[in-house]
Amino acid sequence: MSCWLVKSEPEAYSIDRLEREGRTMWEGVRNYQARNLMRDQMKVGELVLFHHSNADPPALVGIARVASAPYPDPTQFDPASKYFDAKATKEAPRWILVDLEFVERLPRPLPLAELKADPGLEGMELLRKGSRLSVQPVLDAHFQRVKELSASP
DNA sequence: GCCAACGTTGGC
DNA sequence: GCCAACGTTGGC
């Protein structure tokens, strides 16, 4: 089992909304590396840390789970969508996504500053300066450490 | 609002 | 294939 991390701006799609809706298509990812992870690596049942980016403060806020096999992101075919991609066709879709389902909120949100200060999380992609990847692999040890940190006040 | 660190585009 | 220009992400 691998674990993962996704970023979302709370205004675009928040942990509150995921909790309310229970499950969602992780639409709108338009980065090839992130797409490849969803297409080739993520498996149903694997756990996903949920990060609020561009938030105040930016923080890890919850846990989700991969809930589907990969399939084409329908928004790429929709001219009315802001994620529309004129170069994508149904025969040759360009963007692939998976569904995510809500698992839990972290007992308390973990602000980025706190994560950065923890030696146990050294090397985590999220903490790398300039890191922009919106779907990332997470080491099991880092995942466990996040849960630990969040469980302590 | 600033800007560093990207990724993409397109001319050549 | 190179690379400059440009656009975006996202922390601060």
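Throughout, protein chains are lettered first and strands after them, A, B, ... in sequence-line order, and every chain is numbered starting at 1.
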Checklist entry - Does the ring centre of A/Trp95 sit less than 6.0 Å away from the ring centre of A/Tyr32? => result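 Aromatic pair counts; centres sit under 6.0 Å.
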In whole Å, what is the span from the [atom1] atom of [X] to the [atom2] atom of [N]?
X	N	atom1	atom2	result
A/His52	C/dT9	NE2	C1'	16 Å
A/Leu126	C/dT9	CG	P	16 Å
A/Asn36	B/dG7	CG	C1'	14 Å
A/Asn54	B/dC2	CG	C1'	13 Å
A/Lys7	C/dT8	NZ	C1'	12 Å
A/Asp85	B/dT8	CG	C1'	12 Å
A/Gln136	C/dT9	CD	P	15 Å
A/Asn31	B/dA5	CG	P	18 Å

Checklist entry - Which pair of non-hydrogen atoms, one from A/His51 and one from A/Leu112, has the smallest distance, and what is that distance? => result CE1-CD1, 4.1 Å
Item to check | Considering all heavy atoms, the nearest A/Pro111-A/Ala59 contact | outcome: CA-CB, 3.7 Å
Item to check | Earlier contact from the 5' end, DNA chain B, for A/Ser131 and A/Arg30 | outcome: A/Ser131
Item to check | Closest-nucleotide ordering on DNA chain B, the 5'-leading residue of A/Gln33 and A/Lys87 | outcome: A/Gln33
Next on the checklist: Donor-acceptor pair, distance only, cut-off 3.5 Å: does the side chain of A/His52 make one with the backbone of A/Ile15?
Outcome noted: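 It does hold such a pair.
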For [X], answer base if it contacts any base atom (sugar-phosphate contacts may also be present), sugar-phosphate if it contacts only those atoms, and nothing otherwise; contact means non-hydrogen atoms under 4.0 Å.
X	result
A/Leu133	nothing
A/His51	sugar-phosphate
A/Arg128	sugar-phosphate

Item to check | N or O in side chain of A/Lys129 less than 4.0 angstrom from B/dA4 OP1/OP2 | outcome: no
Checklist entry - Between C/dC12 and A/Lys116, is there an OP1 or OP2 to side-chain N/O distance shorter than 4.0 Å? => result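 So the side chain of A/Lys116 is within the cut-off, an N or O lying under 4.0 Å from OP1 or OP2 of C/dC12.
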Checklist entry - Is a salt bridge present between A/Arg30 and A/Asp73, judged by a nitrogen-to-oxygen distance below 4.0 Å? => result yes
